[in-house]
Every structure is written in C-alpha cells, then in structure tokens.
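Data first, discussion second: the structure below is written as structure tokens.
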There are 2 protein chains.
Amino acid sequence: MTSTLGFAIMAVLARGARTGYELATAMSRPLGYFWTAGHSQIHVDLQKLLAADLVRFEAEHGPGPQGRKVYHLTPQGREALRDWVTEPPRSRPERDELVLKSYASWLADPEQVAELFRERLAEHEARIAEYERQQADFEDVPAADRPAFGNYATLWCGLSYERHRAAWCRWMIEQLGAGS
Amino acid sequence: MTSTLGFAIMAVLARGARTGYELATAMSRPLGYFWTAGHSQIHVDLQKLLAADLVRFEAEHGPGPQGRKVYHLTPQGREALRDWVTEPPRSRPERDELVLKSYASWLADPEQVAELFRERLAEHEARIAEYERQQADFEDVPAADRPAFGNYATLWCGLSYERHRAAWCRWMIEQLGAGS
DNA sequence: ATGGGCATGTAACGGGTTACATGATTCG
DNA sequence: CGAATCATGTAACCCGTTACATGCCCAT
C-alpha cells in the first residue's frame with residue numbers, strides 16, 4: 001500500500017523528473033504548504049515506489065556517495081496517481097495546538113494570551129502578503145487540465161486558510177482585550 | 001517532557017475529574033474537533049502525567065478489570081498547563097490530503113474531481129449547520145476567564161474553518177465546471 | 001585546500017493507530 | 001442470562017523526526 005507521502009512524491013514527479021534531494025527541498029517549508037517531508041523519509045518512500053515500479057531512476061555521475069539518481073514516474077505510477085486523486089481522502093484527525101491553547105486560555109493571563117495571538121496574527125499576515133504576491137503572478141486562473149492549475153488551487157486554499165486564521169486571531173485579541 | 005496530548009488531557013481535566021474512558025470519549029470525533037486520541041494512547045499518557053505528578057486519581061470500585069480511576073489535576077498540573085498556554089506553539093507540518101489531491105487534480109477527469117469536491121462540500125455544510133446550532137446555544141460570548149470561553153473560542157475557529165473550506169470547495173467545483 | 005551545497009542513505013526514538021486481552025456493571 | 005456499555009491496559013506496527021554517516025563537486 002502506497003502511503004500518502006508516496007502520492008505526494010509522485011505528484012511532484014508528475015511535473016518533471018527530480019532527485020530525492022530536489023524532492024526534499026521542494027517539499028520543505030515554507031514551500032509546499034500542504035505536504036512536508038524530510039529527505040530521510042523521502043528516500044525510504046522512493047525505495048517503496050521503486051519496488052512497486054511506480055517510479056524509476058536514471059543514474060548519473062554526480063555528487064553524493066552513490067552519484068545522482070534522477071527519478072521519474074512510470075506509466076503505472078501516473079495511472080496510480082490519477083486513480084488516487086478521485087478517491088475520497090482518508091480523513092486525518094484534526095490536531096491543532098493553537099486551538100487547544102485557546103481551549104485552555106481561560107486559565108492564563110489574558111494579556112499574555114493576547115500577545116501569543118498577536119504574534120500568530122503577524123505570521124499569518126506575512127503569509128497572506130506573500131501568497132497575494134504569488135497569486136498576482138498568475139494572469140488568469142490556469143485551465144483545469146494544466147499542472148499550473150494544481151499550483152493555483154493550492155495557493156487559493158492557502159490564502160483562504162490564512163485569512164480565516166488571521167480573522168480568528170483578531171477575534172481572540174479583541175475578546176481578550178474586552179475584559180479589562 | 002509532556003507531550004501535547006498530555007496537555008490536551010490536562011485541558012479537559014481542568015474542567016473536572018474524569019476517567020480515562022471519559023477522556024477518550026470526550027476527545028473522539030466528532031466532539032473535540034481540535035485534538036483527538038484513542039483510549040490506548042490516553043492511558044499511556046495518563047501514566048506519564050502520573051509519574052510527573054501532574055495528575056492523580058481516586059480509585060473507585062466499579063466496572064473494568066481494575067475498577068474505575070477518576071483522574072484530577074494536581075496544583076502542579078494546573079500550573080504546568082497555565083504556563084504551556086502562553087508558550088508559542090511548536091508548529092506542526094501542514095499535511096492535507098485534499099489539498100494534495102487538488103495539486104494533482106489536473107491529471108484526472110474534471111467531472112470526477114468535481115464530484116469529490118461536491119461530497120466534501122456537503123460534509124462541510126453539515127458541520128457548519130451543526131456548529132451554528134451549538135453557537136446559538138450561547139446567549140453571549142463568555143467572559144475570557146471562564147471555561148466556557150475556551151469552548152466558544154474553539155467553536156468560533158471551527159466554524160470559520162468550515163466556512164473557509166466550503167468556500168474553497170465551491171471555487172474548485174466552479175473552476176472544474178467552467179472548462180466544459 | 002577548505003567550506004558550503006548537493007546528494008544518498010541508516011539508526012534510534014517517539015507518538016499514534018489498530019488489534020488484542022480482560023473483566024465489571026447495568027439494563028432489558 | 002445475554003448484550004451493551006463502561007473500563008483499563010498491552011503489543012505490533014507505521015510514519016515521521018532527528019541524528020548520524022558518508023562523500024562528491026564547485027567556488028573562493
């Protein structure tokens with residue numbers, strides 16, 4: 001059974017061949033906002049994909065103890081990825097530390113809690129500005145059958161998420177100030 | 001080092017003494033939208049909290065092979081929880097399978113992808129209706145030093161999140177239909 | 001020549017899920 | 001008396017993080 005990370009790797013590979021190292025940088029923060037992985041896990045999963053013949057690699061002479069390995073999707077890999085896209089996602093449990101903190105916030109000093117949320121708000125606002133810049137680089141919404149559509153769709157979601165988060169932070173700050 | 005689940009347990013215990021079983025039901029879906037855990041993990045973590053003297057229990061004669069154990073926070077536990085609230089959250093990596101699917105959606109049949117998002121949209125709309133009902137049960141926003149404030153804050157966040165998600169689903173469905 | 005970036009991997013560990021194991025109480 | 005619910009716990013396994021280990025290539 002291919003893990004979700006396996007599909008994430010294949011989703012990147014569907015846009016072009018990469019080394020494990022390049023996959024790791026593409027999937028590290030702050031890029032790749034929706035699936036992150038360290039290089040160790042990527043190498044492990046690449047070997048599983050290799051065993052299932054969903055990816056293959058061209059060995060190249062280059063840096064590293066074993067040289068470069070440029071991975072690409074096999075036709076089966078592309079097919080498996082396409083089939084996976086339309087399957088309903090297995091829902092992962094929501095785990096949000098900041099929401100948990102808000103749940104216990106009544107115990108703490110409101111001013112300190114407000115400070116915590118002011119810091120988060122600044123982060124969200126910075127990300128909103130960055131995503132808006134990225135969105136402005138698109139002249140139009142790409143057509144749904146072009147790879148760029150995937151980029152645009154995730155960007156739209158990320159922007160919407162950050163705005164929702166920022167709004168919540170503002171509401172929290174307001175509430176915490178109102179009691180004084 | 002207390003795990004985040006440890007703090008989640010303490011956050012529930014701060015509202016009143018519970019058994020491990022009651023903690024597990026309180027932290028299972030669909031309740032407890034922001035931190036879930038199975039009973040096995042809860043028992044493991046309760047033993048760690050016990051070792052750190054952050055919680056204690058009263059043994060009661062009752063059901064179960066070892067009887068009931070009603071856990072409550074110790075003063076140190078309450079203090080640790082209060083201190084933790086105002087510490088910045090260690091950010092967990094964003095991992096969102098649906099966003100990943102949207103990133104690879106250009107590979108698949110638009111109508112099938114649209115169907116996937118219509119199903120998700122229906123789920124979000126159902127949750128919005130439920131959360132709105134719960135929100136209506138509050139007459140006012142509770143004061144920031146009352147436990148109910150924590151409930152209201154998480155509910156606010158959950159509602160805002162579901163609306164953002166629903167909006168994204170609607171946008172996706174629209175885009176996927178536009179190409180025909 | 002040496003330091004930083006490129007590059008591939010393994011090992012140890014922690015947290016979480018699922019399955020397994022056990023048994024008391026309560027209600028019909 | 002049997003089933004559902006309440007209740008506690010262990011074991012196997014998976015996934016991910018962090019740390020460790022190695023070594024090439026290129027620019028200064």
Side-chain angles (χ1 to χ4, degrees), chain A residues 1-9 12 17-29 32 34-52 55-71 89-97 100, chain B residues 1-9 12 17-29 32 34-52 55-71 89-97 100:
Chain A
M1 261 305 282
T2 307
S3 67
T4 307
L5 176 56
F7 289 109
I9 289 171
V12 177
R18 307 280 153 94
T19 65
Y21 184 86
E22 286 168 335
L23 282 164
T25 52
M27 291 173 59
S28 69
R29 268 164 294 168
F34 48 93
W35 211 273
T36 48
H39 77 273
S40 354
Q41 196 60 32
I42 286 173
H43 283 299
V44 170
D45 271 56
L46 275 173
Q47 280 167 43
K48 287 183 199 164
L49 295 174
L50 218 44
V55 303
R56 285 186 197 155
F57 64 85
E58 309 294 321
E60 280 183 11
H61 175 72
Q66 286 90 7
R68 277 161 62 88
K69 294 179 181 175
V70 183
Y71 290 88
R90 1 185 219 307
S91 61
R92 328 185 84 244
E94 280 287 345
R95 285 209 182 88
D96 194 318
E97 200 169 308
L100 184 56
Chain B
M1 260 303 284
T2 307
S3 66
T4 307
L5 176 56
F7 289 109
I9 290 170
V12 177
R18 306 280 153 94
T19 64
Y21 184 87
E22 286 167 336
L23 283 164
T25 52
M27 291 172 60
S28 69
R29 268 163 298 168
F34 49 94
W35 212 271
T36 48
H39 77 273
S40 354
Q41 196 59 33
I42 286 174
H43 283 298
V44 171
D45 271 56
L46 275 172
Q47 280 168 44
K48 288 185 198 162
L49 294 174
L50 217 46
V55 303
R56 285 185 198 157
F57 65 85
E58 309 293 323
E60 281 184 9
H61 175 74
Q66 285 90 8
R68 277 163 61 89
K69 294 179 181 176
V70 183
Y71 289 88
R90 7 185 213 306
S91 62
R92 327 186 84 246
E94 280 285 345
R95 283 207 183 91
D96 192 318
E97 201 169 306
L100 184 56

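A note on names: the letters A, B, ... follow the listed sequences, proteins ahead of strands, and every chain is numbered from 1. Keep in mind the model is a prediction, meaning the values are calculated, not measured.
You'll find that the side chain of A:Ser3 is closest to D:dC15, out of C:dG15, D:dT8, D:dC15. Nearest nucleotide to the A:His43 side chain, out of C:dG9, C:dC6, D:dT8: C:dG9. Residue A:Pro93 has its side chain nearest to C:dT17 when only D:dC6, D:dC15, C:dT17 are considered. Distance from the side chain of B:Arg95 is smallest for D:dT17 among the nucleotides D:dT17, C:dG9, D:dG9. The nucleotide whose nearest atom lies closest to any side-chain atom of A:Leu5 is, among D:dG16, D:dT8, C:dT17, D:dG16. When distances run from any side-chain atom of A:Gln41 to the nucleotides D:dC15, D:dG9, C:dT8, the shortest one goes to D:dC15.
Taking the ring-ring contact (aromatic ring centres under 6.0 Å, His included) definition, one finds that A:Phe34 meets it with B:Tyr103, sequence neighbours left out. Listed by chain and number, the residues in a salt bridge (Lys or Arg N to Asp or Glu O under 4.0 Å) with A:Glu97 are B:Arg90 (sequence neighbours excluded). Under the rule for a side chain to side chain contact (heavy atoms under 4.5 Å, CB included), the partners of B:Thr36 that lie at least two apart in sequence or sit in another chain are A:Pro93, A:Arg95, B:Arg29.
At least one side-chain heavy atom of A:Met27 sits under 4.5 Å from a side-chain heavy atom of A:Leu5. With a 4.5 Å cut-off on side-chain heavy atoms, B:Thr4 and B:Trp35 count as touching. Considering only heavy atoms from C-beta on, A:Arg18 comes within 4.5 Å of A:Val12 through its side chain.
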For residues 55-65 of chain A, please give each side-chain donor-acceptor pair under 3.5 Å, one per line with the distance, not counting sequence neighbours.
from    : atom 1 : to      : atom 2 : distance (Å)
A:Arg56 : NE     : A:Asp53 : OD1    : 2.9
A:Arg56 : NH2    : A:Asp53 : OD1    : 3.3
A:Arg56 : NH2    : A:Asp53 : OD2    : 3.1
A:Glu58 : OE2    : A:His72 : NE2    : 3.4
A:Glu60 : OE1    : A:Arg68 : NE     : 3.1

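Rounded to an integer number of Å, the gap from B:Gln47 CD to C:dG14 C1' is 16 Å. Whole-Å rounding puts the A:Leu50 CG to C:dG9 C1' distance at 14 Å. If you take CE of B:Met27 and C1' of C:dG15, they are 13 Å apart, rounded to a whole angstrom. Between the P atom of C:dC6 and the CG atom of A:Leu23 lies a distance of 14 Å, rounded to the nearest Å. Atom NZ of B:Lys48 is separated from atom P of D:dT8 by 18 Å (rounded to the nearest Å). Atom pair B:Gln66:CD and C:dA21:P shows a separation of 16 Å (rounding to whole Å applied). What separates OH of A:Tyr21 from P of C:dT8 is a distance of 10 Å, to the nearest Å. With rounding to whole Å, A:Met1 atom CE is found 12 Å from D:dC14 atom P.
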Derivation and outcome, side-chain contact (heavy atoms from CB on, under 4.5 Å), residues B:Ile42 and B:Tyr21: CA-CA 9 Å; B:Ile42 286 174; B:Tyr21 184 87; over 6 Å; no
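Checking B:Ser40 against A:Trp35, the closest nucleotide of DNA chain D that is more toward the 5' end is the one next to B:Ser40.
A donor-acceptor contact shorter than 3.5 Å links the side chain of A:Glu22 to the backbone of A:Thr19.
The nearest pair of heavy atoms linking B:Leu100 to A:Ala8 is CD2-CB, 3.6 Å.
Contact annotation: A:Lys69 does not reach the phosphate of C:dC6 (side-chain N/O to OP1 or OP2, under 4.0 Å).
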Check: protein-nucleotides 26-28 of chain D nitrogen or oxygen pairs below 3.5 Å:
none

Polar atom pairs (N or O), protein with nucleotides 21-24 of chain D, under 3.5 Å:
from   : atom 1 : to      : atom 2 : distance (Å)
D:dG23 : N2     : A:Gly64 : N      : 2.9

